[in-house]
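Step one of this worksheet: look at the structure below.
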Amino acid sequence: MSKVLRRPCTGSAVWRGPGLADSEEWILRLSPAQIGELDAALCTVRERSLPLLRVSAGDFPLPTLAGELERIADVLENGRGFVLIKGIPVKRYSQAATSTIFWGLGRHLGIPVSQNAAGHMLGHVRDTGRTMADPATRGYQTRARLPFHTDGSDVLGLLCLRAARSGARVTVASSAAVYNAVLARRPELVERLYRTHFLDRREEQAPGEQPYSAVPLACWYGGKLSVRYNRCYLESAQRFPNVPPLEPTDMELFDLIDELADSPEIRLDLDFEAGDLLLLNNHAVLHSRTEYEDFAEPERQRHVLRLWLALRHGRELPPDFWGNLRSKGGRPGRGGITPRDVIAT
């Protein structure tokens with residue numbers, strides 16, 4: 001267990017929604033010149049006839065926007081932990097072209113990791129008609145409300161192709177601000193975040209692996225607080241006989257985290273529209289989505305592309321932070337789900 005931080009976090013990672021709501025310091029609106037760079041980079045990839053998964057940052061040249069993305073990578077790791085890029089003209093690109101642009105932007109920020117056991121490196125967030133009652137279903141495959149949680153990588157990238165008919169409000173909250181509030185209200189619960197907890201792997205474990213991960217929910221390491229949280233997976237892991245039962249104090253902690261993250265004093269609601277790209281550091285920012293209603297026509301239904309990225313200069317993390325996940329060569333991984341195969345979509 002890492003050292004328990006018993007004092008409030010400080011620095012730019014501690015922010016509150018009301019303090020940012022009237023500011024655009026967390027928004028990058030693409031200029032016509034920057035959109036022109038995206039067009040030119042897309043042409044470069046097409047001229048080289050490169051498969052999507054082989055496109056590197058060098059294959060997607062961005063003369064000036066690359067510098068902005070370098071700044072964004074620093075904000076994600078060392079600043080407030082999230083950025084919203086607006087103005088990607090998704091309506092005039094094909095889905096294949098938009099996917100290439102999204103992938104190219106992601107490669108400037110980090111290294112994509114697998115999002116599921118099928119090896120999907122570029123994911124699609126849309127309603128498939130499935131429900132969370134099925135233990136093999138994950139939240140992004142439904143239209144249900146997704147409470148505050150983190151994803152399984154350093155950075156999450158979401159590019160909105162089409163918005164829902166109604167609902168699907170996206171909200172973010174500073175993990176450090178939530179941590180500070182827990183510390184202020186119920187300091188005796190803080191240490192429980194550092195204990196080993198069990199997260200359901202939703203039937204995506206490799207053969208021979210445990211169907212759950214045994215991991216801490218928080219660590220203070222290398223001078224930074226890192227938090228992971230997914231109450232749905234914490235509770236659904238209880239279906240396994242080898243997982244210790246959750247204690248009443250655990251439920252009190254989860255209730256408090258949910259209450260604080262969703263409180264108007266902490267959360268920031270986003271207008272997540274077609275052409276918006278949300279980037280957030282999962283170690284520093286919790287996110288949620290409200291339930292939504294969709295259009296009847298398939299071609300109008302909500303569709304969001306997703307990337308999970310490992311930052312090239314990501315924070316130090318203790319060896320047990322990602323559980324038993326290992327990268328090639330046996331080194332501790334930087335998130336992702338062990339793939340049984342690797343495909344683009």
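Residues: numbered from 1 along the sequence shown. Excluded from the calculations below are hydrogen atoms, water molecules and symmetry mates; all remaining heavy atoms, backbone and side chain alike, are included.
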Residues [X] and [Y] bridged, charged N to O under 4.0 Å:
| X | Y | result |
| --- | --- | --- |
| Asp151 | Arg306 | yes |
| Lys224 | Glu316 | no |
| Arg201 | Glu203 | no |

Residue Arg48 excluded, over 12 heavy atoms near CZ under 6.0 Å: yes
CZ/Arg312: more than 12 non-hydrogen atoms of other groups inside 6.0 Å: yes
Using salt bridge (charged side-chain N to carboxylate O under 4.0 Å, His left out) as the criterion, list what pairs up with [X], not counting sequence neighbours.
| X | answer |
| --- | --- |
| Arg302 | none |
| Arg7 | none |
| Glu37 | none |

Evaluation steps, salt bridge (charged side-chain N to carboxylate O under 4.0 Å, His left out), between Arg143 and Glu291: CA-CA 6 Å; Arg143 68 174 65 183; Glu291 183 181 9; over 6 Å; no
Side chain to side chain, His149 and Leu286, heavy atoms closer than 4.5 Å: no
Heavy-atom side-chain contact between Phe60 and Arg107 under 4.5 Å: no
Check against side chain to side chain contact (heavy atoms under 4.5 Å, CB included), Leu268 and Trp15: CA-CA 10 Å; Leu268 175 66; Trp15 50 265; 4.1 Å; yes
Pair Val304-Arg126, side chain to side chain contact (heavy atoms under 4.5 Å, CB included): steps then yes or no: CA-CA 7 Å; Val304 175; Arg126 51 190 171 190; over 6 Å; no
Do you see a donor-acceptor pair shorter than 3.5 Å between the side chains of [X] and [Y]?
| X | Y | value |
| --- | --- | --- |
| Ser236 | Asp200 | yes |
| Asp127 | Tyr140 | no |
| Arg334 | Ser153 | no |
| Tyr229 | Asp258 | yes |

Ring-ring centroid check Tyr179 Trp220, cutoff 6.0 Å: no
Distance flag, aromatic centroids of Phe321 and His283, threshold under 6.0 Å: yes
Distance, nearest 0.5 Å, that separates CZ of Phe148 from CG of Asp262: 5.0 Å
Passing candidate, side chain to side chain contact (heavy atoms under 4.5 Å, CB included) with Leu279, options Leu156, Leu158, Leu109, Leu307: Leu109
Cation-aromatic face contact Arg169/Phe272, 6.0 Å, 45 degrees: no
N/O donor-acceptor pair under 3.5 Å between Thr142 side chain and Arg138 backbone: no
Side-chain donor or acceptor of Glu204 paired with backbone N/O of Ala117 under 3.5 Å: yes
Nearest heavy-atom neighbours spanning Pro18 and Glu265: CD-O, 3.6 Å
